[in-house]
Amino acid sequence: QGDTQGAREICERELESADDPSARQVVMASGLAWVACVEGALTEAERVAARALAGAEETGLVEHPITAEALCALGRVA
């Protein structure tokens with residue numbers, strides 16, 4: 001499973017300092033959504049993935065690969 005705690009800490013720390021919305025926010029929220037999913041925190045994964053995708057919509061990054069983890073998390077939650 002890898003270092004999910006380390007990944008979570010990085011994503012959360014970066015989200016605290018990222019502008020909302022921004023590409024950085026989308027990347028970190030998308031990553032955090034996948035981490036939450038892997039950890040089994042599916043409600044959190046769904047919430048954070050929605051945040052990532054909303055940020056992607058606002059910044060014109062909807063079809064950009066940086067949303068992949070958020071989309072995968074939503075697919076796994078469904």
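Side chain of Asp19 to backbone of Ser22: no donor-acceptor contact under 3.5 angstrom is found. Although no hydrogens or angles enter the test, the distance criterion places no donor-acceptor pair under 3.5 Å between the side chain of Ser30 and the main chain of Val27.
To the nearest 0.5 Å, atom CD of residue Gln25 and atom CG of residue Leu61 are 10.0 Å apart. Separation of atoms CG (Leu71) and CH2 (Trp34) is listed at 11.0 Å; rounding is to 0.5 Å. The distance from atom CZ of Arg76 to atom SG of Cys37, rounded to the nearest 0.5 Å, is 4.5 Å. In this structure, Ile10 CD1 and Leu15 CG are separated by 12.0 Å, a value rounded to the nearest 0.5 Å.
Between Ala49 and Ala33, the closest heavy-atom pair is N-CB, 3.6 Å.
At a threshold of 4.5 Å between non-hydrogen side-chain atoms, the residues Thr67 and Leu53 count as touching. The side-chain heavy atoms of Arg24 and Ser17, taken from C-beta on, include a pair separated by under 4.5 Å. Residues Arg8 and Glu39 form a side-chain contact, since some pair of their non-hydrogen atoms from C-beta on lies under 4.5 Å apart.
Legend: residues meeting side chain to side chain donor-acceptor pair (under 3.5 Å) with Glu16, ordered by chain and number and at least two apart, are absent.
The 12-atom threshold is not exceeded at CD of Glu46, counting heavy atoms of other residues, nucleotides or ligands nearer than 6.0 Å.
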Please report the C-alpha distance between Arg51 and Asp20 in whole Å, then the side-chain angles of each, then the deciding distance to 0.1 Å, and finally whether the side chain to side chain contact (heavy atoms under 4.5 Å, CB included) criterion is met.
-> CA-CA 10 Å; Arg51 177 182 176 192; Asp20 199 11; 4.0 Å; yes

